[in-house]
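First the structure, in the form of structure tokens, and then the observations on it.
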Amino acid sequence: MKLIQFLDREATESYSQVMLIAAISGMANSLLIGIINHATEAVANQEDLTQYFLLYMIAFALFLYGQWYAFERAILIIENAIFRVRTRLTGKVRQVELAFMEKMGANTLYGRLTQNDTLISQSIPMIVGNFQMFSLMVFSLLYLGYISPISFVMTLAAMGLGVMYFMTQSRFIKNSLQNVRQKEQIYFKSISHLVNGFKEIKVNQQKGRDLLQRIATVSTEAQDIKSAVRKRESRLWGFGRLFIYVLLPIVVFIVPNFSHEHAGNIFKISATLLFLIGPTTMLTNMIPLMNRVNMAIEDLFTLEQEMDETIAHAHQNELVDKARQNFQCIKIDNISFTYPSSKGTAFSAGPFNEEVHAGELLFIIGGNGSGKSTFLKLLTGLYYPNQGGLYLDNTLIDDSNYPYYRNLFSIIFTDFHLFDKFYGVADIDVEKVNYWLEKMRMQHKVKYQDDGFTSTDLSTGQRKRLAFIAAMLEDKPILVIDEFAADQDPQFRQYFYEELLGEVRDMGKTIIAVTHDDHYFHVADRVWKMDEGRIELHTASKET
Ligand SMILES: Nc1ncnc2c1ncn2[C@@H]1O[C@H](COP(=O)(O)OP(=O)(O)OP(=O)(O)O)[C@@H](O)[C@H]1O
């Protein structure tokens, strides 16, 4: 069972005590039927009932206390384990490679991270109850064996048949549930189009109808599979009860003809069998949930394994660290990169053989799809090249120091994200924030407050200016910007190219900017022009 595997891996404290107490509670529960059975016999023989009453109260107290204790402890242990997994996996999200993230998609990753642990958490009470019921069943069966070995063997045989039947059904159920998961991922993706494309859908009703049609189709497909699964599961539920009702008449009407001892205990046997209906039904009802919990745990394990495979095990590399602030040159040595694709039409970039010099203002220009952003991702270490290597001065950047190399850069991509606080900036200098607010002409719009800006609900161009300020506060030696000025008004654009970039360079920073603004190519120290994944033309600014 995956849950045991999950607890073995993740629980910080032993869960065996909880299992023991749950087992004792189940045993105490099964004792109740034994005590009642013997008490009814004592009533018939007109014996004193005090000892049965006391025994009943003790068993009852044990059962109640055990149940309470097991629930409380199990909730704590499982919630702690979930917390550990959640913290570890979110930590790993930060470490995975960009290519992994782009391939999986943010929605899928979010879904896998949140839905699985929610499901495990919600099922805790049922899981504990399940274990208790199992223990109750085991001890009730042992009691049955004590009063009638023949009934015990028959019940065990019937249960064996039941387990075999479950096994045959569970493969179908598991495969179907996996199928449902795939459909649900498409469903969630379509929902994200509905939410993120809300404005487009609002102005184009046909677009909205088509998207809803797609959502309806996927939902129906998922629903059909779910219905088939539910049908099978309901057969299992019925089976749990059914086998005892089939067993009862055999034990009551047929077996007494062959066993004299059995006939004498017929009341106790049938009472015990009737008592077994509860736990058996509960256990079979739990199977669908356990299937889902098993799959959730399996998916969490798989997700972590997929993440681990992409995480480079970087160790602190002194050479890169020392070189950070005062490097001379980044050498791009015969680097090339091809996007992974199953259709054979993947875009290839490179080979690149270039040098970026410290303190220069470098423009990268070229048509749409020429590979500018891909090149930036290679240069900043977000993609690993398929061949060739990067050198920071004379240090080769490899798996061991890529994360430290990336620390050289502050990057503002076209799909930048503006954080609510200045994460990663150790001592925020308020004067510096105000200085940059003024420089970016945002001082009248937002202020600095609580390690962030007072507001980020701004226009795209304004949000980009705040992202620029955040990048300047990070104070990295290299600033990389991808079409930064595209959303800026003409005045700011002119000011940005003709004043601001030069000022940032004079602060000692290296600037690499992807741009389409041909009016301003002259401000760059050098311009590289890209075409079909290669750098076709190198020019010094005066030549452009
Ligand atoms: N995540 C990805 N997976 C597969 N292919 C990609 C991915 N991102 C980009 N590409 C492919 O790489 C090519 C170059 O894209 P890139 O974003 O580098 O171009 P660009 O020069 O920055 O374009 P633009 O000026 O339009 O931003 C494109 O043809 C695109 O199909």
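Values below: every heavy atom of this structure, side chains too, minus hydrogens, waters and symmetry copies. For ligands, and for the atoms within them, numbers begin at 1 and follow the listed sequence. On a predicted model such as this, the values are computed, not experimentally measured, just so you know.
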Checklist line | Protein heavy-atom partner closest to atom 31 (O) of ligand 1 - residue, atom, separation in Å | finding: Phe347 CB, 4.8 Å
Note to self: Checking contacts here: is it the side chain or the backbone of Glu483 that comes within 4.0 Å of ligand 1, counting heavy atoms only? Could be both or neither.
What the structure shows: side chain
Next item on the list: Any atoms of ligand 1 less than 4.0 Å from a non-hydrogen atom of Glu102? List them with their elements.
Entry: 1 (N)
Item checked: Residue, atom name and distance, where the atom is the protein heavy atom closest to atom 23 (O) of ligand 1 -> Gly369 N, 2.8 Å
Next item on the list: Return the residue, atom name and 0.1 Å-rounded distance of the protein heavy atom closest to atom 22 (O) of ligand 1.
Entry: Ser373 OG, 2.7 Å
Next item on the list: Take every heavy atom of Gly371, measure it against each atom of ligand 1, and state whether any distance is under 4.0 Å.
Entry: yes
Notebook entry, point to check: If you draw a 6.0 Å radius around OH in Tyr339, do more than 12 non-hydrogen atoms from other residues or ligands fall strictly inside?
Noted result: yes
Checklist line | NZ/NE/NH1/NH2 to OD/OE distance under 4.0 Å, Arg465 and Asp489 | finding: yes
Next item on the list: Specify the protein heavy atom at minimum distance from atom 15 (O) of ligand 1: its residue, its atom name, and the distance to 0.1 Å.
Entry: Thr374 OG1, 3.7 Å
Next item on the list: Step through the shown structure and confirm whether more than 12 heavy atoms of other residues, nucleotides or ligands are within 6.0 Å of OH on Tyr423.
Entry: yes
Notebook entry, point to check: Should we say atom CG of Asp415 is surrounded by more than 12 heavy atoms from elsewhere, each under 6.0 Å from it?
Noted result: yes
Checklist line | Protein contact of atom 24 (P) of ligand 1 - nearest heavy atom, named by residue and atom, plus distance | finding: Asn368 ND2, 3.6 Å
Next item on the list: Decide yes or no on salt bridge (Lys or Arg N to Asp or Glu O under 4.0 Å) for Glu10 and Arg84, but give the supporting numbers first.
Entry: CA-CA 7 Å; Glu10 307 299 343; Arg84 252 169 67 93; 3.6 Å; yes
Notebook entry, point to check: Hey, does Glu184 have a side-chain heavy atom less than 4.5 Å from the side chain of Lys226?
Noted result: yes
Note to self: Can you tell me if Gly367 contacts ligand 1 (heavy atom of the residue under 4.0 Å from the ligand)?
What the structure shows: yes
Note to self: I need the contact type for Lys372 against ligand 1. Using non-hydrogen atoms and a strict under-4.0 Å cut-off, is it side chain, backbone, both or neither?
What the structure shows: both
Check: Quick one: does Met530 get within less than 4.0 Å of ligand 1, heavy atoms only?
Finding: no
Next item on the list: Kindly check if the number of other-residue, nucleotide or ligand heavy atoms within 6.0 Å of CZ (Arg214) is above 12?
Entry: no
Checklist line | For His516, the ligand 1 atoms whose distance to one of its heavy atoms is below 4.0 Å | finding: 25 (O)
Check: Mind checking whether Tyr520 and Leu501 have side chains closer than 4.5 Å, heavy atoms only?
Finding: no
Notebook entry, point to check: For residues 494-504, which residue pairs qualify under salt bridge (charged side-chain N to carboxylate O under 4.0 Å, His left out), counting only residues two or more places apart or in two chains?
Noted result: Lys439-Glu503
Notebook entry, point to check: How far is atom 3 (N) of ligand 1 from its nearest protein heavy atom, and which residue and atom name does that atom have?
Noted result: Tyr339 CD2, 3.3 Å
